[in-house]
Structure formats: structure tokens, C-alpha cells
Amino acid sequence: MKLYDQIFDVVKQFRKLFSPGPVTNADVSGSITAEIFLIVSLVLSAILLRHVSVLLAGLVTLILAIVLISNIPLIPKFKIEQEDSLEKMLFYAVVTLSIIVVFMYWGGNLV
Amino acid sequence: MAQTQLAILFTSIALVVIGLYSAIFIDNIIKKIIGISFIEEGANLFIVAIGYKAGGVVPILMPGMDTSWFAANAAYPLPFGLVLTSIVIGASTLAVMLALVMVLYKRYGTLSTKVMLADTSKQEEYNE
Amino acid sequence: MLDFVLMVIIVVSAILALIQKDLLKAAILTGFSGGALAVLFQILLAPDVALTQAIVGAAIVPVFIALAVKKTQREDS
Amino acid sequence: MNELIPLMVIVPLMAALIISAFSRFNTVTKIFAFVVAICLPIIPLASNYGLHYFGGYAPMLDNVTSVMYHPAITYSFTFLQQIFIAMIGLLTFLVVFIYLTKYKKISGPYLFLLFLGTAAVTAMLLTDDIFHMFVFFEILALAQVGIVAASSIDYSYEMALKYMILGSIGSPIMLLGIGFLLALTGSVNITDIVAAVHNGLVDATSPVFLTSLGLIFFGWLYASGLPPFHTIKSGIYSKAEPHGAALLQSFTVISMISIVLIMYRIYSALPIFEVLVVFFSILAMILGVSLALTQTDFRRMIGFLAVGELGFIGLGIGLGTQYAITAGLFQALNEIIITALLFIGFGAIVNATNEVDTRKLGGLLAYHPKVSLMLLIGGLAMAGVPPLSGFQSKLMLVQASLSCGFPEISILAIMVSIATFVVFVKTFYAMFLRPKPNDLELEGKSVPKSMIFAMGVLLIIIVLLGIFPDVVTSGISNFVGGIL
């Protein structure tokens, strides 16, 4: 029953996402669409790993699906990470840069 | 000697890393801008070091120089020309950033990045 | 030998500029770093770049930063 | 007639300088800006294809190694450059026209920035010299910052400063990558670099070569606003004046495709390049559209949608076949037009209501029927509804990914299109169809005629490209066959 309650709690949590201000039906349904879209598209792109290894793709897809569904609602967490404060943007930019450079220098030939 | 070029490579990497460190960890906006401008300096230093030739001469053909000797011993001038442009671009970018900081200081009264350049919704709360 | 000394000056003054509490000192230390870079360019057989860097890095940039500090606040709080 | 090729850059650049110098003379400046803006789309259409060597230094053949060297900065002008430069010229004309009719007293610096940006992207498309591209890329960044900071919207200075600080990380990193390439090949001419890589003068598997790809790739991410830069890109679109935002997004698209084509020519031998491009494109599609679904500010929503659509372009390039790259470039052309239409149209709504929150709007269909109809068609084109132009390019992309053996990517592309459709329908309902809220004042405010004219012109192009896509795709396909 816990998962059931969690799913039905999602709508209540979306109310915080739009505060201050009124919450309309269109906004809530849009957020629910975003939630489903996010889960499905991430799982779908995990299937792309099958070009590396079929077993890995199956495992990753299963684990990703379970983790994502048990963590709903994802959109509020997602939105906090992508607000437009300079610190978060700089942090993600520098982290991406270091990952790209390290990966290219030592692992660029693996693919 | 190749030693100099290697040392310059490390220096420019150090400058880039200092810049990236200051981008994340320094809160004062002016110091952050100073730190980020070191990235540009590191890139300039690296490109100048490409053209350097150990024991070479400055790539200006003086009257009386033997042309083939000059071609064999002069440093490679193309990177130097590129860096000239890059230095000027860096200075103008810095000037525009500092001008924007001066305007924003009047509105917020502080140089802290956390206040000045926070999320837009939080800035609305701050101004009210 | 001079080039290694200059490299150390560049990196150390860059680090020192970032740990100052007084922003005016930070501006002056930036000028140190830029000037040392200009001399290093001269050693690296690029006199034209060295001239530009000496003007921009050792004079214009510190003056800009000092002006910005004068118009805002001096201490890093 | 190859003398016209440098004029495409020189005319807007000189016009920018002259306008900012003589902006005291209001009427003369207005007429001058209008004339120059009309010239911009005409010059590329009148010019012949070919190469232009600055200073007249023709390529030299090295007799010992029998390799061609290009000592001059080279501009190459083919069908792809022609169609994109003509489109950007048309867009600049429309934006300048809207600006000139909207304000009685024009501001010289703002027109300066508009023309400077146009000159910069034109040079980025034309050039065959990687450092020349970088210089104009920096100029473009300054122009973009200026356009954002010049707007009268709240918090535009903050957004401009954020963009600039992120840019002063992105650009030097790209410069460092160019430096690595220069160290490996000793040249900044792209044709020379490509020749060096293909003749085996450069070890394509060496870590230095791979790192140069990583560094230039990071600069490309900043230029095109793919993640992690998607928040700042959508932010600057939402903080610029609407007509400025229409131009800003076209600058983004053009700088994205010009840099990625350069990278494709140099690094296409490396399989990791395509993996990187596809990975970040998919990330951009997912993040852009899912964040657009939750926005309440409709300018921000269009900004995120624009970022999400960029993923389609990257997808086409990343798949790497001739058909896929053609599809990606065609999608780039469509996106320039469609997103400009949406920005101008929603800008007209902001103009008429002074409100950007979708929750406080409603019932606008009765007050502004023309704008809402054109916006509806533009949104459908973006979502990929036949027979509009967005449909053609997305269909090509789906077919390309299917024929490459990636059915997952086709499904993902279709899902993103559907989600785009949902975003658009939701916003259209909230703004136009729902009953009007009582506290919304609509009386006595009208939409400028020039905005409706601009939207009409863009709409005609959308419909024409949707019905006759071959006019463009066959030419682009020839170009792509040339660089493969």
C-alpha cells in the first residue's frame, strides 16, 4: 500500500511546486505528464546500452525503473537542481567539464 | 629545452584549475571574476608556448639575416598573433562583467554571489 | 632560470590574490601576475604579445578592478 | 561575383559601427538601418558560390610532400551557407523592422548589437579558419549579453552577468582546445587540419587529440545551450525583449551548427564523437521538454522548448549518415523560423497584456484572433504536425535513426514531439481558450501591426517549406555529401 499512497500523494506535492499563486488543473496535469515522460524517456534511453552489452542494458533498465518509480515525485527534486542560481549552474558546468576531460583523456579509445 | 615548455604546460594547467576552483568556491563576485580571468591567461600562456622554440630567435626578419637560417631558427609566429586577439577579448569581457557588477551593487548593496545572482524567485523575495 | 621564477610568481600571486580579504590588494596582485606573464612572453620569443600583455595585464585590468572596488566596497565580507 | 562573399560580414559590421556613431540623427539612422536590413537577405541570394581568400593569398602546393596549404583566412560559400545566411538576414530584417516601428526614438547601441550579432554568426558560418570562428564566437557572446542587458524586463542584468560568467569559463576552454589542435597540426585552417588528420600526420588515438575534442566539445555545449547550460540559455531568452529573443535563438542555432560541422569534419573518424553528441542531445531533449511542462512563465517555457528542439539537431549530426545530417540541418533551419515566430507572437501577447504568467491569463482568442491563430500554427509546426515544416524534418530524423539501427531513438524522438505538443496545447488552452479572469485588463491595448506582418512572413515560409521540402533538402544533401 505504500507505493499506492505515494502515487496519490504526488498531486498534493505538486501544489508546493507552484506556490505562491493558484494551482490550475492544466498545471497539475502538465506536471504529471512531465513525471511520466521523465521516467519513460530515461528508461528508454537506458535501453540504448544494448549496443554495448545486452545483459548490462537489461540490468540497468530494471534498476533504473525501480529507483525512479520508488522516488516519485521526481519533478520537484529535478526543478530544484535546475533553478537559475549561478552557483548551481557553475557547479554543474565545472563537473561536466571535468568528467568530459577525464573520460576523454583516459577512456576516449574504449568506445 | 623542452623542460621550459613542460613547465609552462603545468603552469597553464595550474592557472586553469585555480580559475575553476574560484568559480565554484569563492563567494565574492569581484574575486570570482578575477579568478575566472585566470583561465583565459592560462589558455594564452599555453598557446604562446606552442610557438616557442628553444634557442631560437624572435620571428622578425632583420636586414642582413640569412633567410634559410632564419626559417630554421625563428619561433613559430602564428600562435603569437592569435594570443594578441585573445588578450584583448579577455580584457573587454572583464570590463563588461565589472560594469554589470557595479550596476547590480547599487541594487543589492552586497557583493555576495549567493544574494546577487540567486534564483529569480528568491530575488523577488529579497527585493520585497 | 628566470622563466621558472616567473612561473612561480604567476601562480603564487594568482593564489594570493584569491585569498586576500582586501579587494584592492587582490587587484594589485592580479597586476603582479599579469606583469610576470608579460615578462614570460618576452622570454618565450613573443615581444609583440609581451607588449600587449604588459599594457593590458599589468595596467588596464588592475585599474578596472580597482575602479570597480572603489565604486562598490573594499572588504570581502 | 565572389566579391560579394566578404560583404555579407562587412555590411552588417560597418552598418553597426555607423549607426552607433550617428544615432543622434534619428530619422536618417532609421532609414539607413532599414535599407541595410533589407540588403542583408538579398546579398547572399545574389552572390555566386565559391571561395574567398582574404588578402588574395591563394592556396600553395608544397612540392616535397604534395600537400595543399591555405595561408589566408578562407571564406567558403555554398548552398548551406546561402540558405542559412539568407534566413538570418530575413530574420534580422524583421526584428529591426519591429524595433524601428515600435519606438519613436531609437537607441543606437541596441541596433549596433543586433547588427553585430548578425555579422558574427554570418562570419562563423562562412569561415574555414577555426580561430577566426572563435573570435567571432566571443564577439557574438558579447552581443548576446548586450541584447539581454538592454531589455527593460526585471532581472535582465543579473541574467546577463550569469551568462557572461559562464561564458568566461566556456570560451577559454574552447580556446585551449583550439590550442591543442594547433600544437598537433601547426595550422588553424580547418581544411589543413582535416588533411593532416586523414593523412595520418596526427595520431587520431592519442590522448592529446582526444582531449582537444573534449575541450572544444565543452565550448560547443556552452555555445548551443545543451545541458548543463540549458537553464542559462532559456533564462536569457526569457529576459530579452521578445524580438531580441527571436534573434538570440537564431544566433544559438547557427553557432551550434557551425561549430558542430567543424567538429564533425575534424573528428568524424573517432566513434566517441558521435556517442558524445548523441548523449548530450538526448539529455537536452529530455530535460528541456520535461522542464517546459512545469513552467508557468510562458517565455521561459518557449525557452526550454527551444533548448529541447536543439537536441533534434544534435541527434541528426550524431547519427552521422548523410541522410541524418541532412535531416539535422533541415531541422536547424526549421527551428530558426518556428521559434522566432513563437517568440514574436508571445511577445505580442506580453505587449498587449503586460502579463507573463499563464495562470493569470485567459480568453485572449476573442481579443487577438490573428495572433492566436498564427501562434497555434507555429506551435503545431514545432510539435511536428503535417503538413508543416517541422513535420518534414522530424520525419526525416525518425527515418534516419531507424535506418541506422537505433529504434529507441526514434521512439524517443516521437515521444518528445508528443510532449512538445502537450506543452503547447496546455499553454494555448490556458492563454486563449479558457474564460477570461475577472482581474485581467485587456481594453485599449493592441498588438503592433509590424509584429503581425513579421509573423505572417515567417508563417508563409513554414507552410512553403512543409509542402516543398525538396527545395532545401536536396541542396543540403549535396553539401553533406561533400563533407563526408
Side-chain angles (χ1 to χ4, degrees), chain B residues 3-5 7-8 10-12 14-15 18-19 21-22 25-35 37-38 41-42 44-45 47-49 51-53 56-60 74-77 79-84 87-88 90-91 94-95 97-99 101-102 104-106 109-112, chain C residues 1-4 6-24 26-27 29-31 33-34 36-38 40-57 59-77:
Chain B
Q3 228 179 339
T4 311
Q5 268 179 327
I8 284 177
F10 281 119
T11 313
S12 57
L15 283 175
I18 290 170
Y21 173 87
S22 72
F25 292 105
I26 288 185
D27 188 44
N28 186 294
I29 184 77
I30 289 186
K31 276 211 268 185
K32 195 174 234 174
I33 291 173
I34 294 175
S37 72
F38 287 138
E41 287 189 3
N44 289 344
L45 183 57
I47 294 181
V48 168
Y52 175 64
K53 181 175 259 176
V57 293
V58 172
I60 301 169
Y76 186 42
F80 302 162
L82 307 186
V83 169
L84 274 181
I87 289 172
V88 177
L94 187 89
M97 283 198 284
L98 289 174
V101 167
M102 281 192 256
L104 289 180
Y105 180 79
K106 277 183 194 152
T110 171
L111 286 177
S112 168
Chain C
M1 199 55 217
L2 180 60
D3 42 0
F4 294 109
L6 284 169
M7 286 174 215
V8 173
I9 291 177
I10 292 168
V11 174
V12 169
S13 58
I15 294 173
L16 280 180
L18 293 178
I19 58 175
Q20 291 301 320
K21 283 279 169 218
D22 186 352
L23 289 177
L24 213 55
L29 282 165
T30 317
S33 175
L37 199 60
L40 188 57
F41 285 160
Q42 173 68 39
I43 292 175
L44 291 174
L45 304 177
D48 45 349
V49 185
L51 273 176
T52 320
Q53 173 69 27
I55 296 165
V56 171
I60 295 180
V61 167
V63 167
F64 278 170
I65 296 170
L67 273 177
V69 171
K70 188 168 177 292
K71 291 266 179 188
T72 55
Q73 65 182 31
R74 193 166 161 178
E75 64 280 353
D76 171 20
S77 51

Any C:Q53 side-chain heavy atom under 4.5 Å of B:E41 side chain = yes
What pairs of donor and acceptor atoms, side-chain ones from residues 40-50 of chain C against any protein atom, are under 3.5 angstrom apart with sequence neighbours left out?
none

Engaged part of C:I19 at the chain B interface, taking heavy atoms whose separation is under 4.5 Å | backbone
List for me each residue that meets ring-ring contact (aromatic ring centres under 6.0 Å, His included) alongside B:Y21, sequence neighbours excluded, and say none if there are none.
-> B:F25
Checking B:F80 against chain C: side chain, backbone, both or neither under 4.5 Å from a heavy atom?
-> both
Which one, C:L23, C:V56, C:L67, leads in non-hydrogen pairs under 4.5 Å with chain B?
-> C:L23
Are any side-chain N or O atoms of C:Q73 and backbone N or O atoms of B:T110, one a donor and one an acceptor, separated by less than 3.5 Å?
-> no
What part of B:A14 lies closer than 4.5 angstrom to a heavy atom of chain C: side chain, backbone, both or neither?
-> side chain
Give a yes or no on whether the backbone of C:Q20 and the side-chain of B:K31 come within a donor-acceptor separation of less than 3.5 Å.
-> yes
Measure C:L37 against the heavy atoms of chain B and call it side chain, backbone, both or neither at under 4.5 Å.
-> side chain
B:I26, part contacting chain C, at a heavy-atom distance under 4.5 Å | side chain
Whatever's closer than 4.5 Å to a heavy atom in chain C on B:I8 counts as both
In terms of heavy-atom pairs under 4.5 Å with chain C, the winner among B:N44, B:I60, B:I34 is B:I34
